[in-house]
Amino acid sequence: MLRITSRRTMSAVKHVAETRSIASSSSAHNPLFTSSSGASGSKDESFRMLMLAKPGAGKGTLSGRLMEKYDIKFLSTGDILRQHIKDQTEVGRAAEAIVAQGGLMPDELMLKLIASKLGSLKGKNWIIDGFPRTLGQGQRLDSYLAERSSPLSLVVHLDVPDEVIMARITDRWIHPGSGRIYNYSYNKPNVPGVDDVTGEPLVRRSDDDPKVYARRLKSFYDSTAPLLEYYNSQSPVKLVSLSGTTSDEIWPKLDNVVQSRFRLKPKTQASSSVSEAVLRQPASERKPIPDVSFA
């Protein structure tokens with residue numbers, strides 16, 4: 001069996017995850033956890049959130065559900081990079097080789113990409129997915145946000161077992177034109193290898209290979225353990241760890257954290273009804289989160 005990471009690194013992540021999981025489960029009864037500012041009985045006006053998780057843990061699915069229910073913008077570094085790779089820009093060509101090997105992009109380049117998008121989200125609620133992934137990136141992002149008086153208000157860590165994700169990515173196929181995702185374990189296409197809507201062939205992402213994933217997972221553990229410790233030491237109240245094996249299991253916990261801490265109003269009742277119906281649809285029928293491309 002392949003050893004993906006060291007016991008020390010895994011235990012560090014687990015320690016922070018267990019600590020914050022206990023805290024989040026007590027949030028409804030502990031005034032420290034009703035607001036990211038720590039003010040008893042108050043809720044935060046601004047929603048600026050990071051979601052940290054292993055590749056394939058369900059960040060996109062859970063972010064999509066938040067976007068369906070609330071007025072929240074989604075910024076995915078993965079989408080940005082994939083768009084550059086697709087367009088074969090200078091950055092895209094450099095990123096393609098790194099992504100194929102399961103590596104991480106340089107800190108300065110990633111912050112530059114993120115900063116170019118955050119400028120258009122001033123005063124809005126947002127989620128960043130895929131950044132930061134290292135302690136250096138986290139510190140640079142905090143400095144950038146502090147200079148603009150818009151610090152993070154929530155950091156969510158999704159704690160999903162390695163073996164669950166490995167099985168998930170092994171069976172995952174996508175429709176490149178729309179982003180629809182299929183899984184042969186629980187969400188099969190009607191016709192094997194073919195998109196249900198367009199009839200076009202499905203493909204596998206280059207990083208959905210078990211060997212590549214193992215390298216990505218090791219990189220995640222090596223970089224995320226100190227990152228979680230950093231957020232825990234900077235502002236423990238902002239860091240919450242949510243455990244589960246499926247997005248359906250984690251979603252109620254995430255929504256409870258959002259409702260208890262922020263003044264976010266669900267979209268109109270009509271929209272909410274439609275949204276709930278959408279959320280109950282199979283993943284292959286849902287409208288995908290759009291790619292974030294450069295202006």
Side-chain angles (χ1 to χ4, degrees), residues 24 27 32-53 59-81 83-84 107-133 137-158 227 230-231 234-240 251 254-272 274-275 278 287-295:
S24 64
S27 62
L32 285 176
F33 291 92
T34 59
S35 168
S36 62
S37 63
S40 178
S42 65
K43 292 187 178 182
D44 226 323
E45 297 286 348
S46 301
F47 182 86
R48 295 181 291 269
M49 171 181 153
L50 297 183
M51 192 176 289
L52 305 177
K59 299 187 299 294
T61 297
L62 291 167
S63 297
R65 293 187 182 189
L66 285 174
M67 292 170 62
E68 288 283 351
K69 187 169 183 178
Y70 305 102
D71 184 16
I72 298 174
K73 306 300 181 183
F74 182 76
L75 181 59
S76 168
T77 55
D79 285 343
I80 294 174
L81 287 174
Q83 187 66 47
H84 273 262
D107 292 354
E108 291 298 334
L109 177 58
M110 291 305 303
L111 180 59
K112 183 177 180 181
L113 298 181
I114 290 295
S116 69
K117 292 302 178 182
L118 285 178
S120 64
L121 298 180
K122 185 176 181 179
K124 298 180 180 179
N125 302 310
W126 48 255
I127 302 171
I128 296 180
D129 168 37
F131 183 89
R133 292 186 177 182
Q137 290 177 358
Q139 293 170 332
R140 285 179 170 84
L141 178 62
D142 273 359
S143 296
Y144 173 85
L145 294 174
E147 290 173 359
R148 288 151 182 80
S149 301
S150 56
L152 294 170
S153 51
L154 180 63
V155 179
V156 172
H157 170 231
L158 303 181
L227 184 59
Y230 167 73
Y231 283 123
Q234 291 296 305
S235 183
V237 74
K238 294 181 181 179
L239 176 62
V240 176
W251 164 245
L254 175 59
D255 194 33
N256 179 63
V257 170
V258 171
Q259 290 187 41
S260 65
R261 296 191 182 201
F262 300 94
R263 297 182 183 278
L264 289 180
K265 293 182 179 180
K267 295 177 181 179
T268 63
Q269 188 63 42
S271 298
S272 296
V274 172
S275 297
V278 170
K287 183 178 180 181
I289 298 173
D291 283 347
V292 180
S293 58
F294 285 92

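Quick caveat, the model's predicted, so the values are computed rather than measured. Position 1 is the first residue of the sequence; numbering continues from there.
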Identify every side-chain donor-acceptor pair in residues 143-152 under 3.5 Å, counting partners at least two apart or on other chains, and give the distances.
{"unit_1": "S143", "atom_1": "OG", "unit_2": "Q139", "atom_2": "O", "d": "3.1"}
{"unit_1": "Y144", "atom_1": "OH", "unit_2": "R148", "atom_2": "NE", "d": "3.4"}
{"unit_1": "R148", "atom_1": "NH1", "unit_2": "Y144", "atom_2": "O", "d": "3.0"}

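With rounding to the nearest 0.5 Å, the separation of CG in L62 from CE in M51 is 5.5 Å. Note that CD1 of I127 and CG of L75 are 10.5 Å apart. Values are rounded to the nearest 0.5 Å. One finds the CH2 atom of W126 at 6.0 Å from the CG atom of L50 (value rounded to the nearest 0.5 Å). Rounding to the nearest 0.5 Å places CG of L111 at 8.5 Å from CG of L118. Expressed to the nearest 0.5 Å, how far CG of L227 lies from CG of L52 amounts to 5.5 Å. Note that CG of N125 and CZ of F74 are 15.0 Å apart. Values are rounded to the nearest 0.5 Å.
Of the possible donor and acceptor atoms, none in the side chain of K238 sits under 3.5 Å from a partner among the backbone N and O of M49.
Considering all non-hydrogen atoms of both residues, S46 and S153 come closest at O-OG, 3.1 Å. Contact record, M67 with K267: O-NZ, 2.7 Å, taken as the closest heavy-atom pair. In this structure, R133 and Q137 approach most closely via the heavy-atom pair N-OE1, 2.6 Å.
In terms of the side chain to side chain donor-acceptor pair (under 3.5 Å) criterion, Q234 has no residue partners (sequence neighbours excluded).
Inter-residue side-chain proximity for D255 and Y70 is flagged as met; some heavy-atom pair is nearer than 4.5 Å. The closest side-chain heavy-atom distance from V155 to Y230 is not below 4.5 Å. Within the 4.5 Å cutoff, the side chain of W251 has heavy atoms near those of the L66 side chain.
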